Visitor: 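Submitted below is the structure of interest, expressed as structure tokens.
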Amino acid sequence: MLGRLFRVLSAMLFGFFVFVLGALAYAAMKGRESTTPEPDADEIDLVTTFGELRYESTAQSFRGGRVTTWFAGGTLDLRGARIDPAGATLKTQTAFGGGNLVVPADWRVETKILPLFGALGDARPDGNPPEGGPTLR
């Protein structure tokens with residue numbers, strides 16, 4: 001029984017080791033990747049691999065976009081942006097990383113996440129504002 005458990009754990013550890021080596025090989029082939037659009041872009045597509053993401057938006061009609069971090073993390077600061085009257089949708093994908101999303105106090109944030117070994121929290125002192133204000137999904 002103990003031998004079988006040891007073999008399963010060894011196979012899992014080996015699989016994780018192969019995954020990390022593959023990720024490192026991928027990063028070496030593509031190089032350290034980071035994309036940063038202009039600060040006034042109304043739609044963003046941010047990608048970082050094995051690096052730190054720092055982006056401050058000054059968009060006048062922010063509609064959303066995508067943020068992808070792989071073995072990375074950082075901060076997306078939207079305090080200088082104005083949200084589109086119809087609201088905005090921001091899709092995020094993170095693997096082995098994390099990040100901070102900083103929004104103005106009057107923005108409502110609606111989340112739909114699938115956390116695997118991660119978490120989500122709202123650190124604003126007053127929490128999420130009531131419905132009716134600008135909404136970031």
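Model, not experiment: these values are computed from the prediction.
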Visitor: Quick one: CG on N100 to CG on L76, what's the gap to the nearest 0.5 Å?
Guide: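 Going from CG on N100 over to CG on L76, the span is 10.0 Å.
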Visitor: So do T75 and L53 actually touch side chain to side chain, heavy atoms under 4.5 Å?
Guide: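 SC-SC contact between L53 and T75 ruled out.
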Visitor: Determine which pairs satisfy salt bridge (charged side-chain N to carboxylate O under 4.0 Å, His left out) with at least one residue from residues 5-25, sequence neighbours left out, and list them in order.
Guide: none
Visitor: Can you give me the closest heavy-atom contact between A81 and P104, atom names plus distance?
Guide: O-CG, 4.5 Å
Visitor: Would you name the heavy atoms of T135 and I83 that are closest together and state the gap between them?
Guide: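 Nearest heavy atoms, T135 then I83: O-CD1, 3.3 Å.
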Visitor: Near R137 CZ, under 6.0 Å, is it more than 12 heavy atoms from other residues, nucleotides or ligands?
Guide: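 Check passes, neighbour count above 12.
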Visitor: Who are the side chain to side chain donor-acceptor pair (under 3.5 Å) partners of T94, not counting sequence neighbours?
Guide: T69
Visitor: Enumerate donor-acceptor pairs with a distance under 3.5 Å from any side-chain N or O in residues 59-68 to protein atoms, sequence neighbours excluded.
Guide:
| from | atom 1 | to | atom 2 | distance (Å) |
| --- | --- | --- | --- | --- |
| Q60 | OE1 | R82 | NH1 | 3.3 |
| Q60 | NE2 | T58 | O | 3.1 |
| S61 | OG | D84 | OD1 | 2.6 |
| R63 | NE | E43 | OE2 | 3.0 |

Visitor: Using side chain to side chain contact (heavy atoms under 4.5 Å, CB included) as the criterion, point out the one residue from D77, T111, T92, L136 that pairs with L101.
Guide: L136
Visitor: Among residues at least two apart in sequence or on other chains, which ones pass side-chain contact (heavy atoms from CB on, under 4.5 Å) with F16?
Guide: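 V20, F96.
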Visitor: Give a yes or no on whether the backbone of E38 and the side-chain of Y55 come within a donor-acceptor separation of less than 3.5 Å.
Guide: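 Yes: the side chain of Y55 pairs with the backbone of E38.
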Visitor: E110: which residues meet the salt bridge (Lys or Arg N to Asp or Glu O under 4.0 Å) condition with it, sequence neighbours left out?
Guide: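 For E110 the salt bridge (Lys or Arg N to Asp or Glu O under 4.0 Å) partners, ignoring immediate neighbours, are R108.
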